[in-house]
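If you're wondering where the values come from, they're calculated on a predicted model, not measured in any experiment.
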Amino acid sequence: MLTLGIESSCDDTAAAVLRDTDTLLSSVLTSQDRIHTRFGGVVPELASRNHLEAIVPVVNEALYRADRELKDIDLIAVTRGPGLIGSLLVGFSYAKALSCVTRIPLVGVDHMAGHILSVFLEEEHPDFPFIALVVSGGTSSIYRADSFTNFTLLGRTRDDAAGEAFDKVAKLLGFPYPGGPIISREALAGDAEAIKFPRSWLEKDSLDFSFSGLKTSVLNHCNREKQKNRPLNIADICASFQEAAVEVLVEKTLLAAAQEDIRAVVLGGGVSSNPRLREYMKDRCREEKKDLFVPRPSHCTDNAAMIALAGVHVHQSDPILALDSDVYCRSLLA
Ligand code: KG4
């Protein structure tokens, strides 16, 4: 069974060809970071226009690298949401048209399901049930996964997503978008204990997140230092901010695992390529006797391989997508 995955939910256009559920024949991605960087964030209108230019070459390249033609494909899986509506519509409309003319069955995939399941693209993956922390530019959520299609949302951010907080702090320190990878690089030279930024635990036993207070604390710290005419210690600020964000992400994920009495923990989403998050989660999982599964960084960030994989499982339980179906901006995983 050959599945063509298509992903265009935000600012990356991606396509992949997956054989069965375990052999990735190709995975192609074109990033728009260069286009959005001078605006300090993703500009939706520019994102959809650039998806329009990229979608055909990216899909063709994925087929070429897989050494397959469209006629060999058995299933098309496309991201239906959540994401930017204009961006989603490009991949979704293209996939619908492709399905319509080729009669290849089409399924719609929730982007979050893709992130939760991306760990199954790796050789080492967990059995169900497991706890998944999905952290990206648009979300910070904890899920319980009971099967390939059954997910329960246990907690989510009440304001900024973790990646959004990284990007906003990077912006106020003068770094370009996306700032997450830059913060983690700068943090390597800094002291994570230098500045005591607040940890937002919210109510007792809450699995929700809030990162806007942390972001404001970084801003206040920078303003105070400037008023005192002291130079900003960028490395210390990055390391201390990263530590505060990472500690809350890890401890709440472990709290979820304890509350649900589940041993396996999975990471997904762009922020999970953060080395400090991976290291902290690994250490704490060892202490709490939990088994940690983390996809390789290229499977953590947006990609179409995870959409193809999730699509195969959707296909087994859901009917083929009707041609009048539409995209959605908020995740349907509740
Ligand atoms: O999942 P993803 O590729 O896509 C979207 O959410 O669109 O995640 C992108 C996010 C950005 O906010 C980026 O700054 C963040 O992931 N990110 C990181 C790191 N690498 C990417 N954040 C912290 N540390 C990193 N190393």
Side-chain angles (χ1 to χ4, degrees), residues 1-9 12 14-29 58-59 61-81 91-92 95 98-99 102-134 143-152 262-269 272 291-321 331-333:
M1 163 121 175
L2 284 182
T3 303
L4 171 67
I6 298 176
E7 151 69 32
S8 71
S9 63
D12 296 316
V17 178
L18 181 72
R19 189 170 62 212
D20 302 326
T21 53
D22 52 8
T23 311
L24 191 56
L25 300 184
S26 68
S27 183
V28 176
L29 180 140
V58 164
V59 168
E61 183 69 17
L63 289 167
Y64 175 76
R65 287 196 202 170
D67 199 15
R68 297 293 192 281
E69 292 178 28
L70 206 47
K71 65 176 172 48
D72 304 320
I73 299 294
D74 302 295
L75 178 70
I76 300 170
V78 63
T79 308
R80 225 182 136 181
F92 194 67
L98 215 52
S99 166
T102 58
R103 309 237 170 245
I104 300 170
L106 174 70
V107 287
V109 172
D110 191 285
H111 184 80
M112 303 307 291
H115 277 309
I116 295 169
L117 297 178
S118 62
V119 73
F120 289 93
L121 293 165
E122 309 299 337
E123 232 161 71
E124 271 201 25
H125 49 73
D127 293 325
F128 293 103
F130 61 81
I131 295 294
L133 171 70
V134 180
Y143 293 94
R144 176 191 167 112
D146 282 291
S147 76
F148 284 105
T149 51
N150 185 0
F151 314 109
T152 309
I262 288 177
R263 195 178 162 95
V265 172
V266 162
L267 273 180
S272 58
D291 301 324
L292 177 64
F293 299 85
V294 190
R296 74 193 72 172
S298 61
H299 289 160
C300 288
T301 46
D302 286 352
N303 67 86
M306 66 182 193
I307 301 302
L309 175 73
V312 176
H313 295 287
V314 169
H315 183 47
Q316 287 163 3
S317 52
D318 265 20
I320 299 306
L321 212 59
S331 182
L332 300 184
L333 304 188

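- With hydrogens and angles disregarded, no donor-acceptor distance shorter than 3.5 Å links the side chain of Ser26 to the backbone of Ala16.
- Side-chain contact check for Gln316 versus Phe148: every heavy-atom pair is 4.5 Å or farther apart.
- Contact record, Gly91 with Ser8: N-OG, 3.1 Å, taken as the closest heavy-atom pair.
- Rounded to the nearest 0.5 Å, atoms CE (Met306) and OG (Ser298) are 11.5 Å apart.
- Looking at Val312 and Phe120, their side chains never come closer than 4.5 Å, going by heavy atoms from C-beta outward.
- Panel note: side chain Asp291, backbone Ala264; no donor-acceptor pair is recorded below 3.5 Å.
- Side-chain contact between Ser331 and Tyr143 is present, with heavy atoms from C-beta onward closer than 4.5 Å.
- What you find for Ala77 and Thr3 is that their closest heavy atoms are CB-CG2, 4.1 Å.
- A 4.5 Å side-chain heavy-atom check between Ile116 and Val134 finds at least one atom pair inside the cut-off.
- How far CD1 of Ile131 is from OG1 of Thr152: 9.0 Å, rounded to the nearest 0.5 Å.
- Put simply, OG1 on Thr21 and CG on Leu24 are 11.5 Å apart, with the number rounded to the nearest 0.5 Å.
- Leu98 is listed as a side-chain neighbour of Leu4, based on a closest heavy-atom distance under 4.5 Å.
- Taking 4.5 Å as the limit, some side-chain heavy atom of Asp302 sits within range of a side-chain heavy atom of His115.
- A distance-only check finds no donor-acceptor pair linking the side chain of Asp20 to the backbone of Asp22 [under 3.5 Å].
- Between Phe293 and His125, the ring center distance fails the sub-6.0 Å criterion.
- Applying the 6.0 Å contact sphere to CZ of Phe128 captures more than 12 heavy atoms from other residues, nucleotides or ligands.
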Working for side chain to side chain contact (heavy atoms under 4.5 Å, CB included), residues Leu309 and Ser118: CA-CA 8 Å; Leu309 175 73; Ser118 62; over 6 Å; no
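- The two residues Gly108 and Val314 have their closest heavy-atom pair at O-CG1, 3.9 Å.
- Taken to the nearest 0.5 Å, the CG atom of Leu121 stands 5.0 Å off from the NE2 atom of His299.
- Considering only heavy atoms from C-beta on, Arg80 comes within 4.5 Å of Leu321 through its side chain.
- Rounded to the nearest 0.5 Å, atoms CG (Leu18) and CD1 (Ile73) are 10.0 Å apart.
- Pairing each heavy atom of Ser99 with each of Leu106, the nearest pair is OG-CB, 3.6 Å.
- Contact detail for Val17 and Ala62: the closest heavy-atom pair is CG2-O, 3.8 Å.
- Two residues are said to be in side-chain contact when any heavy atoms from C-beta on lie closer than 4.5 Å; Leu25 and Asp67 fail this criterion.
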Full working for side chain to side chain contact (heavy atoms under 4.5 Å, CB included) between His315 and Ile320: CA-CA 7 Å; His315 183 47; Ile320 299 306; 3.5 Å; yes
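- In plain terms, the two heavy atoms of Cys300 and Ser272 that are nearest each other are SG-OG, 3.3 Å.
- Distance OG1/Thr23 to CG/Leu2: 10.0 Å, rounded to 0.5 Å.
- Partner of Glu7 under the side chain to side chain contact (heavy atoms under 4.5 Å, CB included) criterion, chosen from Thr79, Val58, Val78: Thr79.
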